[in-house]
Each structure stands twice: as C-alpha cells, then as structure tokens.
Amino acid sequence: MKFVLDREEWNRLVKDFPNWDIYYLYEYVHSLEMHGDGTPLLLYWKNSQMELCYVAMLQDIAAFQGFYGSLESGRLFDMTTPYGYGGPLYKGEVSKESLQQFVKELTAECRKRNIVSQFFRFDPFVEGQNVFFDLFEAKSFKNTIYMDLRSEDIIFRNMDPKNRNMVRKAKKNNVQIFSDTGAHLDKFIQIYNKTMQRNQAEGYYYFNQEYFEYLQREFPDNIIYFYAMYEQEIISAAMFFYNEHFMHYHLSGTLWEYRKLASVNLLLYEAALWGSRRGIQKLHLGGGMEKDDSLYGFKKQFNRNGILPFTIGRYIFNHDMFRELVQKRAKADAAFDAKKPFLIQYRG
C-alpha cells in the first residue's frame, strides 16, 4: 500500500488505468485543497493479479464543527472522495483473495496513520466499481443524468420534445453561445455567485478567485467555459471539465432576469455538440440537490435514456474509535441524532 503525493507519479499512475476520469488528477484535487477540503492523497496498491488506485482527501476529524472543540487536533483523521466522484480504478483479475489482501494492507496502513474511516462517492462513469460495493458497504443514493455524445444526431434524438423546443426558442430569441478557457473568468464568477446567493446556497459552494485561477493555470487542457449571450450581455455561464472520454458539468449560473430565454438549454446542447465533435463519449450533467427534484427533472430532459445510478459507500478501519466518536459527537452537539442513516455517523 502506497500513499502517493508527487504530482508526476500521481498523474502517471492514474492515466495508466484505461477508464480514468478527471476527478482523479492531481490538479483537480489540489484545487480542492485550496478550497479547504483537506489534504489530497492517491492510494495505490498492487499484487501479482490486480492493480488499483483511488483519490482521497485526508481530514482532521477535530476540525469538524460538530465536535465543538471536544477533540484534540491532529490526532484522528478520516478520508473522503473529493467533491465530485471517485472510488477505485482497477485493472487485472479481481479475486476474493486479492480484495482481502488489499483491505488487510489498507487497514493496517490507515490504523498506523490514525485514520478511522473512509467515505466513497463512486464515479458513475467508471465501469466495474461494483466489485467493491460489498467490500465498502455501498448503497444507492440517487440517480444522475448523462448525455450520450457519440453523434450529434443521438444527442438531439435523446432530448425530450419540450427541451428541443426550448433550444429552438433560445435560437429564435437570438441567444448566442461561445466558449473559452478563461478569458471571461471575472464574468463567470460574477454570474455564478449571484446564482448561489439567489439560491441561498451553503458557504461551501462559493469558490474564491484563487481556486479558479489555479485551475486556469494548472489545468488548461481539461477545462472549458461556455457562455450564453443576449444583446451583447452574457446571461448564462457554465464550467466543464473533460478528458478524451468524459465531460462533466461542474459549475454554472444564470442572470435571473433572463431566465425565460432558455439560454441554459441552448448552452448545454451546444456544449454537448462541442464534446461530440472532439470524440468525447459522455457528458455527465449530475443530479439534483435532492432526489428527483426540479433540477434533476431539468437535466433529465437532455437524455430520456440517460439515467446513471450514483452510489456511496464506506469502510471503517477502527470500529472502537468510530463508536467513541459517535458518542463524543452526541455529547458535544445537542442536535445530533445518531439514529439517522448516515454512513459516517459522527459527521451526520
């Protein structure tokens, strides 16, 4: 078991797996370190039969507000997949014996480092992760939506009739779409922040200027911005990540006063065409804030056949300490309910 920190080794290992996704790259996860999500690690393991890796953010449990200073800092840690998706990439022959060996070595290493547990958001695009579901106590969380980009005709046919009409409406309204790699970053941030304020989003969903500038500087070949313009005014903006296989809808916003122009419908449609023309196979739109909410319903209009299950999971390395943390949280936080079905209960 190896914890990789070096940038070149990290990306080389990730890209050696045939189904790697953007969320596994060093630059992506280090942008989240700047956002305060913890310390990024690439866990790498192999034996004579199989090889695997996955990304985790190492976090000091004492820093979690729910403990209200009742834990000593720098003593206990846990790991979670970065914002977005993750879980193991693997190749080779999977066997019960290999998985047992992997878990044994992982548990020994994590106990040595005082890592109590780990939480997974499995990547819907990474095929074959179900071999780890029993191991990591996986459960279905909610559905997400993807667009099939194999051809422009497939993109259009998969959209429901209402959405096709909205795309036509935006074009009729003379909404124009263009893209760049960050030339209009200030405008993007302005529109995005206004949207978050209007939606009363939690503080986590605000990203500072340094975060965007880091991505623009260090990640230029994997990031693209799309904009919708109406009467010389940028009214909608969206940020996408991509590699040669997959594309992800990351952050977006729309000026409220222009919401009836269907600019986002046209923007997402044009972004999908852009990806298709570059040989990208799938565009992941994600899901809603809650299961089957209006945001999910909006995204589903872009592919009636594009439902992808989103699965979460966990593994506990130290059960005694896990139970103790649940008890400490209950004492420190009067509002805490240990009976709620959170996978990492002490963070629930």
Side-chain angles (χ1 to χ4, degrees), residues 143-201 205 223-242 247-278 280 282-308:
N143 288 328
T144 64
I145 299 296
Y146 82 98
M147 297 180 70
D148 185 340
L149 308 188
R150 286 176 297 165
S151 75
E152 296 183 21
D153 182 58
I154 289 174
I155 292 170
F156 195 73
R157 281 193 287 111
N158 281 343
M159 291 164 60
D160 73 18
K162 179 182 176 182
N163 197 23
R164 294 177 197 166
N165 288 335
M166 296 301 282
V167 167
R168 295 186 185 104
K169 175 183 176 180
K171 291 180 177 180
K172 187 176 179 180
N173 287 328
N174 292 319
V175 174
Q176 304 294 318
I177 305 297
F178 71 94
S179 64
D180 65 34
T181 56
H184 295 81
L185 180 59
D186 289 343
K187 188 65 176 179
F188 172 86
I189 295 172
Q190 179 188 35
I191 292 175
Y192 175 76
N193 286 341
K194 282 185 177 181
T195 303
M196 293 301 100
Q197 290 164 10
R198 187 176 68 245
N199 293 338
Q200 298 180 319
Y205 296 102
I223 188 170
I224 186 83
Y225 295 87
F226 276 80
Y227 299 92
M229 179 175 285
Y230 177 71
E231 295 183 347
Q232 305 304 310
E233 173 77 14
I234 294 176
I235 61 172
S236 295
M239 178 183 185
F240 297 83
F241 292 121
Y242 67 95
M247 190 171 173
H248 293 275
Y249 184 32
H250 185 53
L251 304 174
S252 69
T254 296
L255 296 179
W256 181 249
E257 58 269 33
Y258 297 101
R259 65 191 183 279
K260 294 183 179 180
L261 294 176
S263 58
V264 179
N265 301 70
L266 180 59
L267 185 154
L268 288 173
Y269 174 63
E270 291 290 344
L273 295 181
W274 179 91
S276 180
R277 291 163 187 159
R278 283 154 183 78
I280 296 172
K282 297 175 181 177
L283 165 56
H284 195 214
L285 300 180
M289 298 302 292
E290 303 291 340
K291 188 175 181 179
D292 297 332
D293 62 10
S294 59
L295 178 59
Y296 173 79
F298 170 75
K299 292 176 179 178
K300 192 176 180 181
Q301 296 178 67
F302 285 88
N303 188 357
R304 294 168 291 179
N305 308 307
I307 296 175
L308 277 178

Handout entry: Over 12 foreign heavy atoms within 6.0 Å of CD, Glu257
Key = yes
Exercise for the section: Evaluate the salt bridge (charged side-chain N to carboxylate O under 4.0 Å, His left out) criterion for residues Arg150 and Asp148: first the C-alpha distance (whole Å), next the side-chain angles of each, then the deciding distance (0.1 Å), finally the verdict. Expected result: CA-CA 6 Å; Arg150 286 176 297 165; Asp148 185 340; 2.7 Å; yes
Exercise for the section: Starting at CE of Met159, measure out to CE of Met147 and round the result to the nearest 0.5 Å. Expected result: 6.0 Å
Practice task
Answer whether the closest heavy-atom distance between the side chains of Trp274 and Tyr242 falls below 4.5 Å.
Solution key: yes
Fill in the blank from the handout: Value for CE (Met166) from CG (Leu268), rounded to nearest 0.5 Å, stands at 12.0 Å
Handout entry: Heavy-atom closest pair, residues Arg157 and Arg164
Key = O-NH2, 2.9 Å
Practice task
On the 0 to 90° scale, with breaks at 30° and 60°, tag the Phe240-Phe226 ring pair as parallel, tilted or perpendicular.
Solution key: perpendicular
Problem - Phe178 and His184 aromatic ring geometry - parallel, tilted or perpendicular at 30°/60° bounds - result: perpendicular
Exercise for the section: Work out which heavy atom in Met247 is nearest to a heavy atom in Gly275; give both atom names and the distance. Expected result: SD-CA, 4.0 Å
Exercise for the section: Any chance you could measure Ser179, atom OG, to Tyr227, atom OH, to the nearest 0.5 Å? Expected result: 9.5 Å
Exercise for the section: Determine, stepwise, if the pair His284 / Thr144 fulfils side-chain contact (heavy atoms from CB on, under 4.5 Å). Expected result: CA-CA 8 Å; His284 195 214; Thr144 64; 2.9 Å; yes
Exercise for the section: Report the C-alpha separation of Leu149 and Ile155 in whole Å, then their side-chain angles, then the decisive distance to 0.1 Å, and conclude whether the side-chain contact (heavy atoms from CB on, under 4.5 Å) test is met. Expected result: CA-CA 6 Å; Leu149 308 188; Ile155 292 170; 3.8 Å; yes
Exercise for the section: Could I get the full list of side-chain hydrogen bond (donor to acceptor under 3.5 Å, both in side chains) partners for His248, not counting sequence neighbours? Expected result: Asp21, Tyr23
Problem - Any donor-acceptor pair under 3.5 Å from Arg259 side chain to Trp256 backbone - result: yes
Handout entry: Donor-acceptor side-chain pairing of Lys194 and Gln197 below 3.5 angstrom
Key = no
Exercise for the section: For the residue pair Phe188 and Tyr192, categorise the inter-ring angle as parallel (less than 30°), tilted (30 to 60°) or perpendicular (more than 60°). Expected result: parallel
Problem - Glu233/Lys187 under side-chain contact (heavy atoms from CB on, under 4.5 Å): CA gap, chis, key distance, verdict - result: CA-CA 10 Å; Glu233 173 77 14; Lys187 188 65 176 179; 3.3 Å; yes
Problem - From OH (Tyr269) to CZ (Phe302), nearest 0.5 Å - result: 11.0 Å
Handout entry: Donor-acceptor contact present, side-chain Asp293 to main-chain Met289, <3.5 Å
Key = yes
Handout entry: Ala170 versus Ala262, closest heavy-atom pair with distance
Key = CB-O, 3.4 Å
Practice task
Determine the minimum heavy-atom distance between Tyr225 and Thr181, stating which atoms define it.
Solution key: CD1-C, 3.8 Å
Exercise for the section: Answer yes or no: is there a donor N or O on one side and an acceptor on the other, between the side chain of Lys169 and the main chain of Lys260, under 3.5 Å? Expected result: yes
Problem - Backbone N/O of Asn163 and side chain of Asn265: donor-acceptor pair under 3.5 Å - result: no
Practice task
List the steps, then state whether side-chain contact (heavy atoms from CB on, under 4.5 Å) holds for Ile307 with Tyr296.
Solution key: CA-CA 10 Å; Ile307 296 175; Tyr296 173 79; 3.7 Å; yes
Practice task
Ignoring hydrogens and angles, tell me if any N or O in the side chain of Lys299 forms a donor-acceptor pair with the backbone of Leu285 under 3.5 Å.
Solution key: yes
Practice task
Report the distance from atom CD1 of Ile224 to atom NE2 of His250, rounding to the nearest 0.5 Å.
Solution key: 14.5 Å
Completion exercise
Looking only at heavy atoms, the pair that brings Phe298 and Val264 closest together is CZ-CG1, 3.8 Å
Practice task
Sequence neighbours left out, what passes side-chain hydrogen bond (donor to acceptor under 3.5 Å, both in side chains) with Asn143? Give chain and number order.
Solution key: none
Problem - Least distance between heavy atoms, Ala228 atom then Leu267 atom - result: N-CD1, 3.9 Å
Exercise for the section: Decide if atom NZ of Lys300 counts as having more than 12 heavy atoms of other residues, nucleotides or ligands within a radius under 6.0 Å. Expected result: no
Problem - Short side-chain to backbone donor-acceptor contact, Thr195 and Ile191, under 3.5 Å - result: yes
Handout entry: Gap separating the CG atom of Asp160 from the CG atom of Asn165, nearest 0.5 angstrom
Key = 9.0 Å
Practice task
Please check if the side chain of Asn173 supplies one atom and the backbone of Val175 the other of a donor-acceptor pair under 3.5 Å.
Solution key: no
